[in-house]
Amino acid sequence: MNTHVIFMMVTVFLITAVEAIEMTTIVIGVGLTRGWFATLLGGGVGMILLGGAVFGFGLLLAQIPLNVLRALIGILLLLFGVQWLRKSIYRISKSGFWSGEEEEEETHEEQEDQGPVGGLDWMAFARGFQGVFFEGLEIAFVVVTFGSGANSIGLAGIAAGVAFVIVVAVAFAARNLLTQIPGNTLKFVVGILLCTYGTYWAAVGMGSSWPGGDVGVLVVLGFYTLYAFGSVFAVRRLRSAMTG
Amino acid sequence: MDYIERFFVFWYDFLFGDDWLGAVIVLLGFGGTYFVAQAGIIAFWVVPVAVFISISLSLWLLVRGEG
């Protein structure tokens, strides 16, 4: 197993951990407030549909030439990574590296709308389904794309599976621990990694070569790391200058 | 919102989020990489420059909006 694959597995592990934290936060939050049966039923249906979507997505990717696939993966990862990095830089510049994540999603909205209808709480079902399916879709996307790009889809799946099991186990064993994880810092690190891989693969897929071959990944990583820390500092300076 | 609509909203949020301008700058960086590479010029620097511009511009707009 070379350095490139280990680096890929660490990245998949971290991204999956972030998404799994969001997924379990939604499921546990809805389960505690609306009841477990409908929530877990919705989550279960979401998981089954997710399996079908991943299977179809994997078959589709297998038909695409490797360079086109790498360019496509690079573009998707970078668009995703730029968002995470930008948001985490902004939040960290406001509240520091050890702050919890400011969750912007509508995790608990609509929960007071209506009670159980016809025996099953459809609101809890829908929220459980959405939490599992859409957060799971992001995990599946990361596993399939990272795994395909590095020709190690099995190892990417193992890294994601380990991260998922750890997060879910911790979440159900000690729910309060989830709120102690510095979500912004985790997204900051993952954002840097996503930007690094996205940049590297997209450039390779589009016919550009990197100085030093695979070592180019480390150069990109260094660039984005310096840029991210520098941006936190710059945004703090800019904010204090604007507020006088 | 039905699930088909939710699916498309998911992909829009996934790719563009709340900053479509930043995403467009990154996409222009990819296009630039392709054309520079096709012209036989070293092109690995184009995307990092696009990311630098995209995030820096977005952060500047966010901080300016706070006031």
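The sequence lines fix the lettering, A, B, ..., with proteins before strands; numbering per chain opens at 1. Side chains included, hydrogens not; waters and symmetry mates left out as well; all remaining heavy atoms used. Source: prediction; values computed, not measured.
- Contacts of A:Tyr200 with chain B are absent, with no heavy-atom separation under 4.5 Å from either backbone or side chain.
- Other residues, nucleotides and ligands contribute only 12 or fewer heavy atoms inside 6.0 Å of the OH atom of B:Tyr34.
- For A:Tyr227, the part sitting under 4.5 Å from any heavy atom of chain B is the side chain, from C-beta outward, and nothing else.
- Of the residues considered (A:Leu85, A:Val220, A:Val204, A:Leu137), A:Leu137 shows the highest number of contacts with chain B, using heavy-atom pairs under 4.5 Å.
- Interface remark: of the candidates B:Ser56, B:Ser54, B:Gly22, B:Ser56 forms the most heavy-atom pairs closer than 4.5 Å to chain A.
- You'll find the side chain of B:Val51 reaches within 4.5 Å of the side chain of A:Tyr224, heavy atoms only.
- The environment of B:Phe35 atom CZ is sparse: at most 12 non-hydrogen atoms of other residues, nucleotides or ligands sit within 6.0 angstrom.
- Summarising the geometry of B:Phe30 relative to A:Ala202, their closest heavy-atom pair is CE2-CB, 2.9 Å, with the distance given to 0.1 Å.
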Quick one, A:Met206 with B:Val47, criterion side-chain contact (heavy atoms from CB on, under 4.5 Å). Give me CA distance, side-chain angles, the key distance, then yes/no. CA-CA 11 Å; A:Met206 291 189 176; B:Val47 170; over 6 Å; no

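- No more than 12 heavy atoms of other residues, nucleotides or ligands sit less than 6.0 Å from atom CD1 of B:Ile42.
- Both the backbone and the side chain of B:Phe52 come within contact range of chain A, each with at least one heavy atom under 4.5 Å from a heavy atom of that chain.
- Of all heavy-atom pairs spanning A:Ala203 and B:Thr33, the tightest one is CA-CG2, 4.2 Å.
- Looking only at side-chain heavy atoms (C-beta outward), B:Glu66 and A:Met242 stay at 4.5 Å or farther from each other.
- Residues A:Tyr90 and B:Ser58 bring no donor and acceptor atom of their side chains to less than 3.5 Å of each other.
- Annotation: side chain of A:Gln83 is not in contact with side chain of B:Asp19 (no heavy-atom distance under 4.5 Å).
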side-chain contact (heavy atoms from CB on, under 4.5 Å) between B:Leu27 and A:Leu79, worked out: CA-CA 8 Å; B:Leu27 289 173; A:Leu79 286 173; 4.1 Å; yes

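- Atom CZ of A:Arg236 is surrounded by more than 12 heavy atoms from other residues, nucleotides or ligands within 6.0 Å.
- The two residues B:Leu59 and A:Arg86 come nearest to each other via the heavy atoms CD2-O, 3.6 Å.
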